[in-house]
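Written out below as structure tokens is the structure these notes cover.
Protein chains get the first letters and strands the later ones, always in sequence-line order, with residue 1 at the start of each. What you see below is based on every heavy atom in this structure, not just the backbone, and it leaves out hydrogens, waters and symmetry mates. All of these numbers come straight from a predicted model, not from anything done at the bench.
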There are 2 protein chains.
Amino acid sequence: MTLDERKKKILESVIKDYVETAEPVGSRAIVKKHNLRISAATVRNEMADLEDMGYLQQPHTSAGRIPSESGFRYYVDCMMERENLVDDEVQLLQKIIKENLQDWDEVIQSIGNFLAQVTRYTSFVIVPTVRVDEFKYVQLVRMGKGKAMVILVTDTGVLMHRRISIPESVEQKDLQSINEVFNRIFAGKKFAEVRKTDLQYLRDELHKSKRIIDTILEAIDRLAESAGEDKVVISGILNMLNEPEFKNLDKLKKILAILEEETLLKNLLPEPSCDEVEITIGRENRLDEAKEMSIVLAGYKIFGEVGRVGVIGPVRMEYWKAAGTVDSVRTAIDEVLKKHF
Amino acid sequence: MTLDERKKKILESVIKDYVETAEPVGSRAIVKKHNLRISAATVRNEMADLEDMGYLQQPHTSAGRIPSESGFRYYVDCMMERENLVDDEVQLLQKIIKENLQDWDEVIQSIGNFLAQVTRYTSFVIVPTVRVDEFKYVQLVRMGKGKAMVILVTDTGVLMHRRISIPESVEQKDLQSINEVFNRIFAGKKFAEVRKTDLQYLRDELHKSKRIIDTILEAIDRLAESAGEDKVVISGILNMLNEPEFKNLDKLKKILAILEEETLLKNLLPEPSCDEVEITIGRENRLDEAKEMSIVLAGYKIFGEVGRVGVIGPVRMEYWKAAGTVDSVRTAIDEVLKKHF
DNA sequence: TGTTAGCACTCTTCCCAGTTGAGTGCTAAT
DNA sequence: ATTAGCACTCAACTGGGAAGAGTGCTAACA
């Protein structure tokens with residue numbers, strides 16, 4: 001269904017005004033503010049049409065109109081122009097990323113903060129745990145009597161560690177020799193292969209008790225498994241409170257529940273594509289708890305997995321700004337990844 | 001100032017009822033509920049006395065009484081009996097800790113969750129970064145052309161890493177030899193000493209370019225410095241929303257602002273003692289934003305530093321339960337630390 | 001035929017006054 | 001010292017206008 005220019009103009013006006021004020025928009029207000037060359041009565045007729053089409057709705061007879069979710073959807077799909085970051089913002093983003101480059105966690109955190117700050121919504125960045133696929137390096141470090149640490153580095157540069165108990169008699173140099181053998185045998189192998197490797201051979205070569213080798217292998221195994229948890233960073237929860245729709249505590253609770261429970265959030269988010277910004281409006285969301293909020297989401301590639309970044313806010317959202325910002329941020333993340341990994 | 005038994009009983013009744021209902025407590029209600037053998041009129045007289053002493057206050061003339069902050073303070077200091085964890089809860093706590101033992105971060109997170117769940121307030125656990133003092137082990141791992149990772153292990157078992165750039169010609173075996181020299185020279189030394197060590201000697205021994213050694217040393221330096229950030233884990237923010245005092249969005253904002261900004265929270269918390277539970281009530285708090293909330297806090301020792309654990313909630317708090325729980329949790333943390341480090 | 005002015009109508013919001021009810025403080029009796 | 005009784009206070013609720021924003025409809029107009 002396509003709208004004529006005037007209807008579009010009116011729909012846009014209603015959306016812009018409503019997003020700004022959170023109040024129903026009247027015909028007079030539209031004519032005045034956007035100084036259209038038509039009368040309020042004409043606007044009223046057009047608005048009645050738009051209401052019939054489902055793009056606008058009236059909270060009650062004597063109120064102005066507000067955009068329906070389909071209205072927002074139409075606007076987003078057919079009319080919206082993304083509002084990209086202004087120069088200052090781009091520079092700020094670059095600066096933030098540069099300052100934290102040495103630590104990936106910091107980069108993520110600061111990008112999240114940036115996104116929340118610029119959009120004034122709540123931002124999230126989800127970093128998939130890069131599948132622990134290939135063994136790069138293992139290091140055993142003795143940490144005092146009877147304790148040691150297994151440090152594992154994967155080819156993707158992920159660092160993992162786990163404490164283990166070892167017989168008290170074992171010294172660092174014993175560990176070092178086990179270490180060397182492990183690295184020789186396993187370097188570059190897939191983890192799956194490590195698990196299948198013939199351990200007898202290993203034990204023979206090391207002349208060590210089954211016990212300690214098993215402990216180490218178990219630790220490695222666990223580390224490889226445990227890598228399943230994605231990292232979720234959320235910023236700007238406070239911004240939610242500024243939205244009048246969340247004056248209602250029940251709504252607020254639902255949202256905070258989602259934000260507090262990482263799995264809920266991950267379930268809620270749609271699969272992102274890696275070159276389009278995905279917008280989900282109100283009832284389009286899977287979760288009942290999220291039927292009153294919208295999500296603007298982009299995906300980014302990281303070591304073959306897909307990461308997600310975006311903002312979450314009320315249906316009455318500045319989609320144009322949010323989409324532009326999320327897109328810019330995604331690009332920035334892509335660049336960091338490309339340059340540094 | 002000490003109160004006679006009857007006044008104490010009445011103060012306690014007001015506190016218990018008020019904490020439960022969040023409503024002012026009337027004289028009749030007290031007599032009924034706690035079936036005292038005195039009349040409502042007597043209670044009224046006593047309550048008037050308690051008000052003169054500053055322990056109770058009236059929202060308005062025709063309302064019941066609510067405890068003032070001094071009232072809570074008196075109760076906490078002179079009358080309160082801590083309500084410790086019941087068996088089920090203790091077992092749950094033990095189980096939670098055991099399940100996550102291999103990963104200190106997980107332990108902290110789950111202890112925080114437990115604390116929030118049991119008290120129904122918002123919990124925090126602050127883990128001071130153990131001062132990076134002594135060098136335990138360093139490992140250089142080549143991560144593809146021109147890139148490497150410096151992995152540092154301190155004697156306290158903290159693992160840190162940082163990416164560096166290296167000349168493309170450098171291979172893993174070159175790194176390995178640098179590695180060995182570094183470990184030989186530095187093992188067991190304080191970081192401060194590492195910085196002062198005569199580098200010329202190092203370069204001579206390694207026959208390597210100044211460049212790569214400097215890069216590595218710089219990385220180590222940065223790691224040693226950067227360790228200054230405490231880890232803060234907050235759970236159960238959602239619980240705040242159930243407290244009627246935070247229906248008021250402005251109050252809620254103030255609190256969330258504190259909880260969202262780690263430095264704010266750290267400034268707010270008083271220095272904990274390591275064997276007493278510290279209770280801060282309302283206006284006793286340093287920060288203006290926190291004048292309407294109370295904090296129950298305990299300290300624990302970790303590698304010579306002091307960590308903090310506790311809950312934060314409305315002034316109308318179940319101090320007895322909170323103090324008991326926080327204390328138990330502190331003990332549990334102490335035990336984990338003692339047993340495993 | 002599309003547009004517009006005019007007007008009656010609707011519905012929320014705000015304000016005001018009156019009512020209710022919980023709870024007090026005081027007084028006088030026990 | 002304690003208590004019953006009672007007048008008093010004040011928040012919270014209730015209902016009835018009045019105000020105001022905005023609509024839909026009709027009739028006139030270009």
Side-chain angles (χ1 to χ4, degrees), chain A residues 3-11 13-68 71 244-245 247-248, chain B residues 3-11 13-18 20-68 71 244-245 247-248 316:
Chain A
L3 300 179
D4 64 48
E5 278 312 307
R6 198 167 66 184
K7 282 201 172 56
K8 279 190 181 175
K9 183 74 191 155
I10 289 173
L11 177 58
S13 302
V14 174
I15 287 180
K16 294 268 173 170
D17 280 17
Y18 177 66
V19 165
E20 190 183 328
T21 63
E23 299 289 331
V25 186
S27 52
R28 252 180 67 84
I30 288 184
V31 175
K32 260 195 180 169
K33 188 147 176 190
H34 303 265
N35 45 319
L36 305 188
R37 314 218 145 277
I38 49 179
S39 77
T42 310
V43 173
R44 280 202 288 282
N45 289 333
E46 295 284 41
M47 292 210 295
D49 290 350
L50 284 166
E51 187 169 350
D52 289 342
M53 295 185 232
Y55 294 148
L56 293 182
Q57 57 192 43
Q58 262 183 311
H60 54 264
T61 351
S62 72
R65 302 297 206 297
I66 65 177
S68 68
E245 22 274 277
K247 286 254 154 51
N248 179 330
Chain B
L3 300 179
D4 65 49
E5 279 312 306
R6 199 167 64 185
K7 282 202 173 55
K8 278 189 181 175
K9 183 74 191 154
I10 289 172
L11 177 58
S13 302
V14 174
I15 287 180
K16 293 269 174 171
D17 280 17
Y18 177 65
E20 190 184 326
T21 63
E23 298 290 330
V25 186
S27 53
R28 253 179 67 83
I30 289 184
V31 175
K32 262 196 179 169
K33 186 148 178 188
H34 302 265
N35 45 321
L36 305 187
R37 315 217 144 279
I38 48 180
S39 76
T42 311
V43 174
R44 281 203 288 282
N45 289 331
E46 295 284 42
M47 290 210 297
D49 290 350
L50 285 167
E51 186 168 352
D52 289 342
M53 293 184 234
Y55 294 148
L56 293 183
Q57 57 193 42
Q58 264 182 311
H60 54 265
T61 350
S62 72
R65 301 298 206 297
I66 65 176
S68 68
E245 23 274 278
K247 288 254 153 53
N248 178 328
R316 184 185 61 80

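For the pair B:Leu50 CG and C:dG25 P, the interatomic distance rounds to 12 Å; values are reported in whole Å. If you take NZ of A:Lys32 and P of D:dG22, they are 10 Å apart, rounded to a whole angstrom. What separates CD of A:Gln58 from C1' of D:dA21 is a distance of 12 Å, to the nearest Å. Summarising the geometry, the separation between CD on A:Glu23 and C1' on D:dG22 is reported as 13 Å, rounded to the nearest angstrom. Rounded to a whole Å, the CD atom of A:Gln57 is 16 Å from the C1' atom of D:dT23. Straight-line distance from the CD1 atom of A:Ile66 to the P atom of D:dG22: 14 Å, rounded to whole Å. Atom-to-atom, CD1 of A:Ile10 to C1' of C:dT3 comes out at 12 Å; the value is rounded to the nearest Å. For the pair B:Glu46 CD and C:dT24 P, the computed distance is 14 Å after rounding to whole Å.
With sequence neighbours left out, B:Thr42 forms a side-chain hydrogen bond (donor to acceptor under 3.5 Å, both in side chains) with B:Ser39. Residues satisfying the side chain to side chain contact (heavy atoms under 4.5 Å, CB included) test with A:Val31, not counting sequence neighbours, are A:Ala40, A:Val43. Considering only residues two or more places apart in sequence or on other chains, B:Asp4 meets the salt bridge (Lys or Arg N to Asp or Glu O under 4.0 Å) condition with B:Lys7.
If you take CD on B:Glu46 and CG on B:Leu56, they are separated by 10.5 Å, rounding to the nearest 0.5 Å.
Contacts classified as side chain to side chain donor-acceptor pair (under 3.5 Å) and involving residues 59-68 of chain A (residues at least two apart or in different chains) are given here: A:Glu51-A:Arg65.
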Show me the side-chain donor-acceptor pairs of residues 20-29 of chain A shorter than 3.5 Å, one per line, residues at least two apart or across chains.
unit_1: A:Glu20; atom_1: OE1; unit_2: A:Lys33; atom_2: NZ; d: 3.4
unit_1: A:Thr21; atom_1: OG1; unit_2: A:Asp17; atom_2: O; d: 2.9
unit_1: A:Thr21; atom_1: OG1; unit_2: A:Glu23; atom_2: N; d: 3.1
unit_1: A:Ser27; atom_1: OG; unit_2: A:Arg44; atom_2: NH1; d: 3.2

**Q.** Under 4.0 Å protein heavy-atom contact, by nucleotide of nucleotides 4-12 of chain C - B base, S sugar-phosphate only
**A.** BBB---BBS

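Look at B:Arg65 and you'll find a side-chain N or O under 4.0 angstrom from OP1 or OP2 of C:dG25.
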